[in-house]
Chemist: 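The structure's right below; bear with me while I get my questions together.
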Amino acid sequence: MNDIKFHARTSRPQVCIQADSPVMENMLAAVLDPYFSISKDAAARTVLCPADGKLPHLSTQGKYLVVCDEAVPQSERIVALPRPLDLEQFLNAALELFTADGGVIEMQDYQCDDKSRTLTYGGRSVSLTEKEYALFQALHAQIGEVVAKDALTRLLWTEGSNNACQVYVAYLRGKLEQIAGPGALTSVRGRGYILRRPQ
């Protein structure tokens with residue numbers, strides 16, 4: 001993922017999702033929800049996944065991220081991505097297009113206490129086990145980027161397996177969601193995991 005700067009922001013841009021199917025709509029909403037407010041109404045910023053693969057008529061107002069089979073003219077307000085959809089590329093494109101201040105989405109970071117292995121965000125804290133904290137630190141060192149499952153396994157388990165990594169990621173995800181909400185730690189199928197700064 002390209003470098004994105006993070007700072008504190010009080011509100012989220014609104015995005016309206018129009019997708020091929022409810023499954024696709026739910027998937028895209030889950031990816032965007034930590035960063036955008038999902039609107040069911042017509043919005044100035046819209047994600048389109050045309051069912052027939054053809055570009056629909058677009059209003060002259062607003063910004064659009066189009067996932068489409070066809071070649072689409074791109075501009076400052078229209079970004080097109082080809083199928084099959086790469087979720088990492090999709091999120092990066094959405095952040096670049098839909099943030100009003102030049103592609104910078106502003107977010108806060110976690111506060112870490114190495115001695116007590118405690119993470120704090122928004123006045124809420126969770127305590128981590130030694131292994132969970134080590135996993136968090138490894139992911140946090142590359143925050144916003146995909147970290148391969150194999151790399152985490154080699155780093156944290158001398159005789160472990162990918163299954164051990166997967167189990168501890170699930171533990172860590174559950175604790176992060178207690179303080180930062182859904183989407184803080186996500187899986188990228190076949191590649192690894194992404195830790196994102198909370199909003």
Side-chain angles (χ1 to χ4, degrees), residues 1-6 9-107 139 142-149 166 169-170 173 176-177 180-199:
M1 184 180 287
N2 295 335
D3 290 339
I4 299 171
K5 297 178 181 178
F6 296 85
R9 173 188 288 235
T10 57
S11 61
R12 296 185 292 173
Q14 267 201 347
V15 174
C16 180
I17 299 176
Q18 302 174 37
D20 300 317
S21 66
V23 172
M24 173 66 78
E25 182 175 332
N26 290 338
M27 180 186 74
L28 299 185
V31 173
L32 293 175
D33 184 62
Y35 307 98
F36 299 93
S37 174
I38 309 300
S39 171
K40 293 295 184 182
D41 303 319
R45 301 174 174 89
T46 307
V47 175
L48 296 168
C49 294
D52 58 5
K54 295 181 180 179
L55 181 65
H57 173 73
L58 300 179
S59 167
T60 56
Q61 297 180 344
K63 295 184 179 183
Y64 299 89
L65 174 57
V66 180
V67 180
C68 193
D69 293 328
E70 290 190 345
V72 176
Q74 307 215 23
S75 67
E76 290 185 358
R77 69 184 191 90
I78 299 175
V79 168
L81 296 177
R83 300 175 191 273
L85 178 62
D86 181 293
L87 289 180
E88 181 182 355
Q89 183 184 23
F90 169 80
L91 178 57
N92 189 66
L95 293 171
E96 292 287 345
L97 180 64
F98 293 146
T99 48
D101 47 357
V104 177
I105 189 163
E106 301 176 347
M107 305 179 73
L139 290 164
Q142 300 183 62
I143 196 163
E145 301 177 7
V146 178
V147 182
K149 184 190 296 184
Q166 187 173 346
V169 165
R173 179 186 291 120
L176 292 178
E177 289 182 351
L185 177 56
T186 56
S187 303
V188 180
R189 174 176 285 185
R191 298 188 60 190
Y193 305 99
I194 300 178
L195 175 70
R196 307 187 194 282
R197 286 181 173 87
Q199 181 152 342

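For the single chain, residues carry numbers from 1 onward in sequence order.
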Chemist: Which atom names give the shortest non-hydrogen contact between Leu185 and Arg173, and what distance separates them?
Modeler: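 Closest approach of Leu185 to Arg173, heavy atoms only: O-NE, 2.9 Å.
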Chemist: Quick one: are Met27 and Leu87 in side-chain contact, heavy atoms under 4.5 Å?
Modeler: yes
Chemist: Hey, could you give me the SG/CG distance between Cys49 and Leu65, rounded to the nearest 0.5 Å?
Modeler: 7.5 Å
Chemist: Please round to the nearest 0.5 Å and tell me the distance separating atom CD of Glu88 and atom OG1 of Thr186.
Modeler: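 So the gap between those two atoms works out to 9.5 Å.
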Chemist: Contact between Arg83 and Asp20 at the side-chain level, heavy atoms closer than 4.5 Å - yes or no?
Modeler: yes
Chemist: Just verifying a value: how many Å separate Thr46 OG1 and Arg77 CZ, rounded to the nearest 0.5 Å?
Modeler: 10.0 Å
Chemist: Can you tell if the side chain of Val67 reaches within under 4.5 Å of the side chain of Met24, non-hydrogen atoms only?
Modeler: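 No - every pair of side-chain heavy atoms lies 4.5 Å or more apart.
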Chemist: Please give me the minimum heavy-atom distance between Glu177 and Gly183, naming the atom from each residue.
Modeler: OE2-N, 4.2 Å
Chemist: Rounded to the nearest 0.5 Å, how far apart are CD of Glu145 and CD1 of Ile194?
Modeler: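 Atom-to-atom, Glu145:CD and Ile194:CD1 are 9.0 Å apart.
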Chemist: Minimum heavy-atom separation for Gln14 and Arg45, please, with both atom names.
Modeler: O-CB, 3.3 Å
Chemist: So how far is it from Leu97 CG to Ile78 CD1, rounded to the nearest 0.5 Å?
Modeler: 9.0 Å
Chemist: Would you say the side-chain atoms of Gln74 pair up with the backbone N or O of Ala80, donor to acceptor, closer than 3.5 Å?
Modeler: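 Checked: pair present.
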Chemist: Kindly give the heavy-atom pair with the smallest separation between Phe36 and Ala94, and that separation in Å.
Modeler: CZ-O, 3.7 Å
Chemist: Between Asp33 (side chain only) and Ala29 (backbone N and O only), is there a donor and an acceptor less than 3.5 Å apart?
Modeler: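 Not confirmed, Asp33 side chain does not pair with Ala29 backbone.
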Chemist: So which heavy atom on Glu25 is nearest to which on Ile17, and how close?
Modeler: CG-CG2, 4.0 Å
Chemist: Could you tell me the separation between the CD atom of Gln142 and the OH atom of Tyr193, rounded to the nearest 0.5 Å?
Modeler: 14.5 Å
Chemist: Quick one: closest heavy-atom pair of Ala93 and Leu81, and the distance?
Modeler: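 Heavy-atom minimum between the residues: CB-CD1, 4.1 Å.
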